[in-house]
Amino acid sequence: MADNDPQGFYEALGVKSSATAEDIKSAYRKLAKETHPDTSQNASSEKFHRISAAYEILSDPLRRAEYDSSAYQASEQEAGTRVIDPICCSRCGQATAQPRYVVFYRVYSFIIMTTRRPVQGIFCAKCAKKEGLKSSIITLFTGWWGVPGGPLYSIGSILRNGFGGKHDRSADEGMIWYNALAFLSRGNLQLSYALAMRSIKASDKNIASDAAELVAQLERAGADPRQGKLRDPWRTSILCGASHLFMAFALPGALALAIFADTQGSSVRTSYAGSGLYSSTQYRPSTQTGISKPRVPTCTSAPYSGQLLGANQLSATEGHSLEIRNGSSGDAIIKVRAEPYGTVVAAFFVGSNQTGQITGIPDGRYTVQYAFGDALDISCRRFVQVAGAGQFPGVETLQTEQTTTQIITQVLSYTLYAVPNGNVSPQNISAQDFER
Ligand SMILES: [Zn+2]
């Protein structure tokens, strides 16, 4: 097992520890298919569970960060008996005295959906600044083209990238202490001393007391307290902060322009071709087409937007939220399905030009499907005829984050929209697939 893979999770998925979130996802999908008891003859439930356990940690950026940084643990005893390598930056490969494990976000929006992809690893301050800038520039170009999540996520991510990315103080402190021991083992006492001085303030009491002891020992051995302070390479420079601020607030201006342009062009909207998406060219309520349909009894009291249809598996007290804005001219039914079996966790109604929200979705991995139609049948739970159905690309992982002071759940937001020149689109699915 490699040094930076303490429990062999990367090995289980057959990827390197530098793998991107997408690499990990596709490796998992492939292996899960090969080993799942329901889909494969070479099924191995032990292997399947191992893969699932690895994926559960590695697919969550913060848990992955915790896992990766947990690889760096050493004791003073080890530092006295063997040479320990200091931590290297995952980008430039150089040993770095004050590393951080940072998660940066890149936002990609495809008109009606917005995804936020983590780019993470152990960084030196220099590479972190480069990566933060790169992620923000990518977000600037690709992030805000989605309504309504795009601009919100983009602004949030750019500001966060600009001010050092998401990082965990206790993981940073753990790595600084590891390096203090590594430099001690290599005889670089002055640097070890400076790092130990920083570790005295660590929130982990064991680290703080070990560090205090090491500082005292090194002072007795002749370390110079006047040189005990390290420059902080992680301070955000004015130029760096300003460029990210500019990128973040260039977005609303550009968006305002786009909305202006959009209202100017709305008279030609019906000629837009939404490839695979529900759009006004693909489906019109039958009252407008003038084609009469056989009379079927229909729903007499329409549900409100956000009203659950039938059985659901939502929690009454906690969980994540899903918000759907239906910017189209047809009513929609939304289904939230839990992976990997596609069990319907919740189905709800969202009227044309309305927003519906549900809460109480438990932690898990989900796909979101939708269908349009003009009339609900007598049960008020499905359409008489599904005029079009689709599924948002990708699987969403919803995971409750717990900090010492609060529990953070997620809100997913999608918009169903007639799409001007749609080139990237949700996947079409059949009415049967939606109803199953
Ligand atoms: Zn670097």
Side-chain angles (χ1 to χ4, degrees), residues 2-6 10 15-24 58 61-74 83-107 116-140 157-186 188 190-199 202 229-244 247:
D3 277 354
N4 49 6
D5 193 6
Y10 290 104
V15 296
K16 288 190 188 151
S17 58
S18 58
T20 64
E22 285 79 59
D23 294 342
I24 288 171
L58 299 183
L62 298 181
R63 292 173 81 180
R64 183 180 173 191
E66 204 178 297
Y67 174 73
D68 287 351
S69 49
S70 74
Y72 295 101
Q73 281 183 10
V83 175
I84 302 172
D85 288 331
I87 297 171
C88 291
C89 169
S90 61
R91 292 304 187 273
C92 64
Q94 305 276 324
T96 167
Q98 301 179 73
R100 270 187 190 174
Y101 196 106
V102 192
V103 184
F104 295 105
Y105 287 98
R106 296 177 181 181
V107 181
R116 218 170 43 146
R117 291 191 194 152
V119 176
Q120 60 187 182
I122 291 167
F123 288 92
C124 67
K126 208 170 160 189
C127 291
K129 275 172 195 160
K130 271 190 217 161
E131 183 56 58
L133 191 63
K134 191 171 163 194
S135 291
S136 287
I137 289 173
I138 288 173
T139 299
L140 178 66
S157 297
I158 288 175
L159 290 179
R160 175 159 261 171
N161 292 342
F163 293 91
K166 194 165 186 172
H167 62 105
D168 177 57
R169 212 179 115 205
S170 73
D172 297 343
E173 290 169 353
M175 290 193 293
I176 297 259
W177 175 237
Y178 180 91
N179 266 353
L181 297 174
F183 287 109
L184 177 69
S185 78
R186 305 181 140 247
N188 188 340
Q190 194 61 52
L191 187 49
S192 173
Y193 176 75
L195 291 168
M197 285 289 275
R198 294 204 55 182
S199 299
K229 210 162 154 47
L230 285 173
R231 199 179 61 85
D232 180 7
W234 289 94
R235 271 192 18 218
T236 304
S237 70
I238 293 173
L239 182 67
C240 178
S243 60
H244 285 268
M247 284 191 275

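Both ligands and their constituent atoms are indexed starting at 1 by order of listing. Since we're looking at a predicted model, the values are computed, not measured.
Residues Thr236 and Lys129 form no side-chain contact, since every pair of their non-hydrogen atoms from C-beta on lies 4.5 Å or further apart.
Annotation for Pro86 and Asn179: closest pair CA-OD1, 3.4 Å, computed over non-hydrogen atoms.
The aromatic rings of Tyr72 and Tyr178 sit perpendicular to each other, their planes meeting at more than 60°, with 30° as the lower class boundary.
For Lys134, the side chain to side chain contact (heavy atoms under 4.5 Å, CB included) partners are Arg106, Glu131, Ile138, not counting sequence neighbours.
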Mind running side-chain contact (heavy atoms from CB on, under 4.5 Å) on Gln98 and Ile176 for me, showing each step along the way?
CA-CA 6 Å; Gln98 301 179 73; Ile176 297 259; 4.0 Å; yes
Checking Phe123 against Lys130 for the side-chain contact (heavy atoms from CB on, under 4.5 Å) test, could you report, in this order, the C-alpha distance in whole Å, the side-chain angles of both residues, the deciding distance, and whether it holds?
CA-CA 10 Å; Phe123 288 92; Lys130 271 190 217 161; over 6 Å; no
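For the Zn ion (ligand 1), protein N/O/S neighbours under 2.8 Å (waters excluded) are Cys89 SG, Cys92 SG, Cys124 SG, Cys127 SG.
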